[in-house]
Amino acid sequence: MSAEASVGGHAADSAQSAVSQPAFHNTDEFRNHGLLGSKYVKLNVGGSLHYTTVQTLSKEDSLLRSICNGGTEVSIDSEGWVVLDRCGRHFELVLNFLRDGSVPLPEDHRELEEVLKEAQYYQVQGLVQHCLAAMQKQKDVFETVCRIPMITSAKEEQKMIASCKKPVVKLQNNRGNNKYSYTSNSDDNLLKNIELFDKLVLRFNGRVVFVKDVLGDEICCWSFYGEGRKIAEVCCTSIVYATEKKQTKVEFPEARIFEETLNILIYENGRGSGPGGLHLLDSRGSGSSMGAEEEGASGGDRRVRRIHVRRHIMHDERGPGQQTVYKD
């Protein structure tokens, strides 16, 4: 009798265990399928809470639709929030895209990349294509814009020029660094130098890196760099003596500046490192003087061409017959 009861009790326990085990699996199935039976969904995305509908989440064939129809397992807390282990910063944007089919994207490139990552994670292909199109548009705009770096320190200048693989043209423009008055045409010539710089930027955009230095010691000076070293320099200022006082004169040697810009193109794509490139530059160094004084300074075993405008003397204190006068 006791053995029979024992067997019967064991059978009852087995039957109860067999019934409870499917009930456990049905809990998971109910948890996933429960989203389909609901009209609204509460989402906790990395602590960011969102309340939406199953219809919205199911608009595109995405991870969110898979969550709704039970194809993807999710965790639901005790309060009924679907917990997604993801940053919730851009999830509202994903939801708005599903609601409206279009959404304004951030203009910042980094934020746009973050939105793209979220769209790819949730497999919302419409938003992915929207982000890629916006990024391509930004790229096209950036490629057509001429950006000119501004030098803020000598260390920054050295680092930028040393790491740049393209030829570099620098205009040092500091009108306030002058202890004398300017001649009548100096301001016009200074503006002409700046205008020529802008025109060269547009003409050689993508081939030459143009930089500005407004903190240097020179009032107006052009420097040309190739392969990380200075190749030539054109100084456009000189001291003029007039009526027993000194004045600063700014010249505009347009032809020489343009010539040096063309010369620097030989260093494009590393073409100036060969002997042919150096020979061309050395032969061009004395080609045209343009009324300028040219001197070579050694930089290791290579020269730097420094071209200075001629010093004009309008008046000095030497005796009659010994004065030298140059007129503009």
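Here, residue 1 is the first one in the sequence, and each next residue gets the next number. Note that the structure is predicted; figures quoted are calculated from it, not measured.
Using cut-offs of 30° and 60° on the angle between ring planes, the pair F210 and F197 is perpendicular.
The same ILVMFWY cluster, assembled from side-chain heavy atoms under 4.5 Å apart, contains both V124 and L116. A single hydrophobic cluster is not seen to contain both L63 and W81; linkage of ILVMFWY side chains at heavy-atom distances under 4.5 Å, directly or through other members, places them apart. A continuous path of hydrophobic side-chain contacts links I76 to L43 [ILVMFWY only; heavy atoms under 4.5 Å]. V103 is connected to V128 through a chain of hydrophobic side-chain contacts under 4.5 Å among Ile, Leu, Val, Met, Phe, Trp and Tyr, so both are in one cluster. Taking hydrophobic clusters as Ile, Leu, Val, Met, Phe, Trp and Tyr residues chained together by side-chain heavy-atom distances below 4.5 Å, V214 does not share a cluster with L200.
At a threshold of 4.5 Å between non-hydrogen side-chain atoms, the residues V168 and F224 do not count as touching. Put simply, the side chain of L215 does not reach to within 4.5 Å of the side chain of I151, judged on heavy atoms. You'll find the side chain of T53 stays beyond 4.5 Å of the side chain of V41, heavy atoms only. Side-chain contact check for K199 versus F258: every heavy-atom pair is 4.5 Å or farther apart. The shortest side-chain heavy-atom distance between L265 and R207 falls under the 4.5 Å cut-off. Between T261 and F204, some side-chain heavy-atom pair lies under the 4.5 Å cut-off. Annotation: side chain of P253 is in contact with side chain of V234 (closest heavy-atom distance under 4.5 Å). Between S75 and V82 the shortest side-chain heavy-atom distance does not fall below 4.5 Å.
Ring to ring, Y122 and F91 are close: their centroids are under 6.0 angstrom apart.
With values rounded to the nearest 0.5 angstrom, Y241 atom OH is found 7.5 Å from I239 atom CD1. Between the SG atom in C220 and the CG atom in N173 there is a gap of 6.0 Å [rounded to 0.5 Å]. In this structure, CG on N189 lies 11.5 Å from OG1 on T237, to the nearest 0.5 angstrom. In this structure, CD in E218 is found 11.5 Å from CG in L171, a value given to the nearest 0.5 Å. Atom-to-atom distance recorded for E260:CD and S223:OG is 11.0 Å, nearest 0.5 angstrom. Interatomic distance, CD1 of I231 versus CD1 of I264, reported as 5.0 Å (0.5 Å rounding).
Taking a cutoff of 4.0 Å between a charged side-chain nitrogen and a carboxylate oxygen, K166 and E268 do not qualify as a salt bridge. A salt bridge is defined here as a Lys NZ or Arg NE, NH1 or NH2 lying under 4.0 Å from an Asp or Glu carboxylate O, and E79 with K42 fails to meet this definition. A salt bridge is absent between E227 and K165; no separation between the charged side-chain nitrogens and carboxylate oxygens falls under 4.0 Å. Electrostatic pairing of R256 and E254 does not count as a salt bridge here, judged by no charged N lying under 4.0 Å from a carboxylate O. Remark: E113 does not engage K117 in a salt bridge, criterion side-chain N to carboxylate O under 4.0 Å.
Under a 3.5 Å cut-off, the side chain of S186 and the backbone N or O of V250 do form a donor-acceptor pair. Side chain of N174 to main chain of G216: a donor-acceptor pair is present (N/O by atom type, distance under 3.5 Å, no hydrogens or angles). With R86 contributing its side chain and V45 its backbone, the two residues share no donor-acceptor pair below 3.5 Å. In terms of modelled atom types and a separation under 3.5 Å, the side chain of K59 and the main chain of R99 share a donor-acceptor contact. The backbone N or O of R175 sits less than 3.5 Å from a side-chain atom of Y182, completing a donor-acceptor pair. When atom types are taken as modelled, the side chain of T56 and the backbone of T52 share no donor-acceptor pair closer than 3.5 angstrom. Although no hydrogens or angles enter the test, the distance criterion places a donor-acceptor pair under 3.5 Å between the side chain of N193 and the main chain of E251. A donor-acceptor pair under 3.5 Å is formed between the side chain of S163 and the backbone N or O of M160.
No side-chain donor-acceptor contact under 3.5 Å links T183 and Q247. E114 and H90 form a side-chain donor-acceptor contact under 3.5 Å, judged by distance and modelled atom types alone. No donor-acceptor contact under 3.5 angstrom links the side chains of Y225 and E233, judged on distance only.
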Legend entry - Worked verdict on R65 versus L57 for side chain to side chain contact (heavy atoms under 4.5 Å, CB included): CA-CA 6 Å; R65 176 190 283 183; L57 297 181; over 6 Å; no
Legend entry - Criterion side chain to side chain contact (heavy atoms under 4.5 Å, CB included) on V209 and V169, from CA distance to verdict: CA-CA 6 Å; V209 175; V169 175; over 6 Å; no
Inset, instruction - I would like to know whether E157 and I161 meet side chain to side chain contact (heavy atoms under 4.5 Å, CB included); could you show each step before the answer? - result: CA-CA 6 Å; E157 175 185 349; I161 292 175; 3.7 Å; yes
Legend entry - Worked verdict on K170 versus Q172 for side chain to side chain contact (heavy atoms under 4.5 Å, CB included): CA-CA 6 Å; K170 183 189 75 171; Q172 192 173 107; 3.6 Å; yes
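The minimum heavy-atom distance linking S58 with C68 is given by the pair OG-CB, 3.9 Å. Of all heavy-atom pairs between P167 and Y267, the closest is CG-C, 3.9 Å. Between S62 and Q123, the shortest heavy-atom distance links the atoms CB-O, 3.4 Å.
The environment of CG in D100 is crowded: more than 12 heavy-atom neighbours from other residues, nucleotides or ligands sit within 6.0 Å. Taking a 6.0 Å sphere around CD of E156, one finds it holds more than 12 heavy atoms contributed by other residues, nucleotides or ligands. Under a cut-off of 6.0 angstrom, the local environment of CG in D217 is sparse, with at most 12 non-hydrogen atoms contributed by other residues, nucleotides or ligands.
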